[in-house]
**Student:** 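Sharing a structure, written as structure tokens. Questions coming.
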Amino acid sequence: MTGLNDVLLVHGGTPLEGEIHVRGAKNLVPKAMVAALLGSEPSRLRNVPDIRDVRVVRGLLQLHGVTVQAGDESGELVLDPSKVESANVADIDAHAGSSRIPILFCGPLLHRLGHAFIPGLGGCDIGGRPIDFHFDVLRKFGAVIEKRPEGQYLEAPQRLRGCKIELPYPSVGATEQVLLTAVLAEGVTELSNAAIEPEIEDLICVLQKMGAIITMGTNRTIHITGVDKLGGYNHRALPDRLESASWACAALATEGNVYVRGASQREMMTFLNVFRKVGGAFEVDEDGIRFWHPGGPLNAIALETDVHPGFQTDWQQPLVVALTQASGLSIVHETVYESRLGFTSALNQMGAHIQLYRECLGGTPCRFGQRNFLHSAVVSGPTKLQGADLVIPDLRGGFSYLIAALAAQGTSRVHGIDLINRGYENFMQKLEKLGAKVELPSTD
Ligand code: EPZ
């Protein structure tokens with residue numbers, strides 16, 4: 001359900017122009033906050049964006065006795081875990097459905113308290129999003145897990161022990177689960193088929209600063225030697241490459257020109273190559289990246305999402321909006337989430353021509369090809385988009401609707417904009433700064 005103040009009126013047709021600032025990565029910051037639980041001393045995390053996922057984790061940490069305070073600089077948090085304690089189950093449960101991060105509290109709480117309670121998880125509805133890998137991993141470390149109506153109870157009858165783990169798929173969350181558990185487990189953990197996203201590397205940097213011993217080997221293998229105690233860290237979160245790419249796609253789709261201060265080339269190389277192939281222009285300097293539409297037609301491309309260093313699934317939805325403006329047939333094969341193309345039906349209502357397929361189009365067969373999921377798309381362009389009534393389905397899909405509404409002729413009513421606050425800091429102010437014509441509907 002969405003209320004009136006959760007609706008945004010977007011008057012499209014104006015190119016986005018100007019500069020915005022992107023801070024630390026949504027997919028690192030909450031995890032680094034959880035890591036602070038493992039330490040015996042306070043930690044300092046800098047470049048923290050003010051987004052809902054950060055607030056949820058802050059609340060959960062505070063329930064467990066961690067003090068979380070603003071530091072001296074803007075976007076700095078100081079987390080003190082010296083008085084970690086059990087939290088009231090009903091209080092934890094109040095966070096049910098708010099985010100996927102609570103699952104990562106398991107290892108640290110088992111180490112600190114010997115038990116943990118995990119409420120029902122939230123997160124974007126872009127596929128089944130099971131947590132079987134997480135629980136399989138925790139059992140291997142020696143945790144005992146009991147499913148109860150209100151959530152999952154976990155216990156560590158003795159100190160958790162290092163083990164050999166091979167993930168069925170290089171899952172980001174399951175890799176983080178292993179890292180956050182193995183660092184204080186007894187002995188060595190060998191993790192194969194690990195995720196190696198830049199946010200994982202940054203989490204490893206955080207843990208290493210705390211005193212952990214982690215070696216990244218070749219071929220997705222990570223070795224962790226457990227230690228008895230960890231200290232605090234002082235860390236500046238890597239920039240949000242997903243938010244940066246979203247603004248880049250907004251610049252391209254609206255024929256605009258946006259300087260994203262804080263964007264970093266290293267973590268965006270794959271995106272930048274694709275952006276250039278589509279016909280977008282960019283220029284990298286020390287402080288950020290400028291993205292713009294250089295004029296003339298955009299090019300259709302064949303694209304397959306994949307785990308890092310492939311094309312990140314979270315870049316797919318905003319880029320698809322830009323592809324509606326490219327000349328010819330673009331093919332998109334989504335291989336990470338089985339249901340991340342459903343957002344395209346609203347784009348079709350706006351005038352786009354996007355057809356979904358169950359087959360693995362244009363690339364290597366993936367896990368979803370035999371399983372009847374609509375996970376490939378053919379985008380035929382260029383198409384003129386018209387304003388429409390849109391209901392935001394998930395975080396990236398939601399931002400993509402904003403891009404489509406900005407690129408369209410006429411006015412769109414975008415419902416459910418609060419969801420975007422989960423991962424995009426101050427997006428309304430940023431839109432206004434870039435000259436977007438957006439307004440909250442009047443209440444009279
Ligand atoms: C993280 O989700 C990100 N979320 C996602 O960001 C991102 O899309 C994803 O990694 C992939 O990069 C956060 O970091 C909070 P996964 P995560 O485990 O860890 C399957 C965004 O918009 N799987 O790598 O939950 C799963 O169903 C988002 O910012 C299992 O089968 O993703 C999926 O098909 C959304 N069993 C695949 O693995 C499990 O136990 C990859 O998921 C776990 C995962």
Side-chain angles (χ1 to χ4, degrees), residues 22 24-35 49 51-54 56-57 98-106 118 121-140 145 152 165 167-180 191 193-203 220 237-238 240-246 249 267 270-271 305-319 334-341 343 366-369 371 373 375 392-400 419-425:
V22 163
K26 158 191 163 278
N27 288 351
L28 174 272
V29 167
K31 290 103 181 251
M33 292 170 72
V34 177
I51 53 173
R52 178 121 40 80
D53 272 14
V54 167
V56 168
V57 174
S98 54
S99 152
R100 293 187 65 72
I101 316 291
I103 188 84
L104 296 177
F105 277 69
C106 293
I118 305 302
L121 300 177
C124 286
D125 186 11
I126 48 183
R129 309 205 74 186
I131 45 174
D132 50 334
F133 301 169
H134 292 255
F135 288 145
D136 289 350
V137 159
L138 288 160
R139 284 195 193 93
K140 284 207 165 164
I145 304 169
Q152 308 274 353
I165 298 165
L167 292 179
Y169 182 81
S171 149
V172 169
T175 300
E176 291 160 345
Q177 187 73 263
V178 172
L179 291 170
L180 291 166
L191 172 63
N193 207 23
I196 51 166
E197 267 62 6
E199 293 77 15
I200 301 261
E201 278 193 351
D202 213 39
L203 182 63
R220 298 189 174 276
L238 88 168
D240 198 312
R241 65 195 170 109
L242 309 179
E243 182 184 352
S244 303
S246 297
C249 294
E267 293 84 29
T270 309
F271 175 83
T305 65
D306 206 346
V307 292
H308 187 76
F311 191 89
Q312 179 78 15
T313 168
D314 312 289
W315 291 328
Q316 177 259 108
Q317 289 159 297
L319 189 76
E334 169 61 58
T335 77
V336 179
Y337 290 111
E338 64 273 28
S339 306
R340 211 174 196 174
L341 289 169
F343 79 108
C366 78
R367 299 171 292 154
F368 308 135
R371 293 169 49 206
F373 290 114
H375 73 292
I392 285 183
D394 60 79
L395 178 66
R396 307 290 165 199
F399 197 85
S400 307
L419 200 70
I420 298 179
N421 290 314
R422 260 196 57 215
Y424 291 85
E425 182 181 43

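The structure displayed is predicted, hence computed values, not measured ones. All ligand and atom numbering here is 1-based and tracks the order in the structure. FYI, side chains are in, hydrogens and waters are out, and symmetry mates aren't considered; it's all heavy atoms of this structure.
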**Student:** Does T305 use its side chain to pair, donor to acceptor, with the backbone of Q312 at less than 3.5 Å?
**Tutor:** no

**Student:** Quick one: which ligand 1 atoms are inside 4.0 Å of a heavy atom on K31?
**Tutor:** 13 (C), 14 (O), 15 (C)

**Student:** Among all the protein's non-hydrogen atoms, which is closest to atom 36 (N) of ligand 1, and how far away is it?
**Tutor:** D132 OD1, 2.7 Å

**Student:** Between the main-chain N or O of V336 and the side-chain N or O of E334, is there a donor-acceptor pair closer than 3.5 Å?
**Tutor:** yes

**Student:** With backbone taken as N, CA, C and O and side chain as the heavy atoms from C-beta onward, which portion of R100 lies under 4.0 Å from ligand 1: side chain, backbone, both, or neither?
**Tutor:** side chain

**Student:** Going by the atom numbers of ligand 1, which of them fall below 4.0 Å from some non-hydrogen atom of T313?
**Tutor:** 8 (O)

**Student:** Got a second to check how far F105's CZ is from Q177's CD, nearest 0.5 Å?
**Tutor:** 11.5 Å

**Student:** Heavy-atom contacts under 4.0 Å between H308 and ligand 1: side chain, backbone, both, or neither?
**Tutor:** neither

**Student:** If the cut-off is 4.0 Å to any non-hydrogen atom of G173, which atoms of ligand 1 fall inside it?
**Tutor:** 18 (O), 19 (O)

**Student:** Could you tell me whether Y337 and ligand 1 have an N or O pair separated by under 3.5 Å?
**Tutor:** yes

**Student:** What protein heavy atom is closest to atom 41 (C) of ligand 1, reported as residue, atom name and distance in Å?
**Tutor:** Y169 CE2, 3.7 Å

**Student:** Could you go through R340 and Q317, starting from their C-alpha distance and side-chain angles, then the distance that decides it, and tell me whether this counts as side-chain hydrogen bond (donor to acceptor under 3.5 Å, both in side chains)?
**Tutor:** CA-CA 8 Å; R340 211 174 196 174; Q317 289 159 297; 3.0 Å; yes

**Student:** Compute the shortest N/O to N/O distance between D53 and ligand 1 and return yes if it is under 3.5 Å, no if not.
**Tutor:** no

**Student:** Under 3.5 Å, side chain of R52 to main-chain N/O of G423, donor-acceptor pair present?
**Tutor:** no

**Student:** Could you tell me whether the side chain of L238 reaches within less than 4.5 Å of the side chain of E267, counting heavy atoms only?
**Tutor:** yes

**Student:** Would you check whether I101 has a nitrogen or oxygen atom less than 3.5 angstrom from a nitrogen or oxygen atom of ligand 1?
**Tutor:** no

**Student:** Which atom names give the shortest non-hydrogen contact between C106 and I103, and what distance separates them?
**Tutor:** SG-O, 3.1 Å

**Student:** Side chain or backbone, does E176 bring an N or O within less than 3.5 Å of an N or O on ligand 1?
**Tutor:** no

**Student:** Only heavy atoms count here, so choose which of D314, N27, L28 is nearest to atom 13 (C) of ligand 1.
**Tutor:** N27

**Student:** Measure Q312 to ligand 1 on non-hydrogen atoms and call it side chain, backbone, both or neither using the 4.0 Å cut-off.
**Tutor:** side chain

**Student:** For I131, counting its heavy atoms only, list the atoms of ligand 1 lying under 4.0 Å from any of them.
**Tutor:** 40 (O)

**Student:** Check this for me, if you would: do D53 and R422 make a salt bridge, where the nitrogen-to-carboxylate-oxygen distance has to be below 4.0 angstrom?
**Tutor:** yes

**Student:** Without swapping roles, check the side chain of T175 against the backbone of A195 for a donor-acceptor pair under 3.5 Å.
**Tutor:** yes

**Student:** Look at R241 together with E199 and state whether they make a salt bridge at an N to O cut-off of under 4.0 Å.
**Tutor:** yes

**Student:** Consider every N or O of F133 and every N or O of ligand 1, then say whether any pair is closer than 3.5 Å.
**Tutor:** yes

**Student:** Taking 4.0 angstrom as the limit and counting only heavy atoms of H134, give me the atoms of ligand 1 inside it, by number and element.
**Tutor:** 40 (O)

**Student:** From atom 27 (O) of ligand 1, work out which of P130, P30, A25 has a heavy atom at the shortest distance.
**Tutor:** P130

**Student:** Output yes when K31 and E176 qualify as a salt bridge under the 4.0 Å nitrogen-oxygen rule, no when they do not.
**Tutor:** yes

**Student:** Would R340 count as being in polar contact with ligand 1, using the rule that some N or O on each side must be under 3.5 angstrom apart?
**Tutor:** yes

**Student:** Output yes when the distance from some N or O of ligand 1 to some N or O of V336 is under 3.5 Å, and no in every other case.
**Tutor:** yes

**Student:** Do the side chain of N193 and the main chain of L167 share a donor and acceptor less than 3.5 angstrom apart?
**Tutor:** yes

**Student:** Using modelled atom types and a 3.5 Å cut-off, is there a donor and acceptor pairing between side-chain atoms of H375 and backbone atoms of F373?
**Tutor:** yes

**Student:** Which option out of G398, S171, G423 puts a heavy atom nearest to atom 44 (C) of ligand 1?
**Tutor:** S171

**Student:** Looking only at distance, does V172 have an N or O less than 3.5 Å from an N or O of ligand 1?
**Tutor:** yes

**Student:** With backbone taken as N, CA, C and O and side chain as the heavy atoms from C-beta onward, which portion of R422 lies under 4.0 Å from ligand 1: side chain, backbone, both, or neither?
**Tutor:** neither

**Student:** Would you mind checking which non-hydrogen protein atom is closest to atom 22 (O) of ligand 1, with the distance to 0.1 Å?
**Tutor:** R396 NE, 2.8 Å

**Student:** For the residue pair Y424 and F399, categorise the inter-ring angle as parallel (less than 30°), tilted (30 to 60°) or perpendicular (more than 60°).
**Tutor:** parallel

**Student:** Specify the protein heavy atom at minimum distance from atom 25 (O) of ligand 1: its residue, its atom name, and the distance to 0.1 Å.
**Tutor:** R129 NH2, 3.1 Å

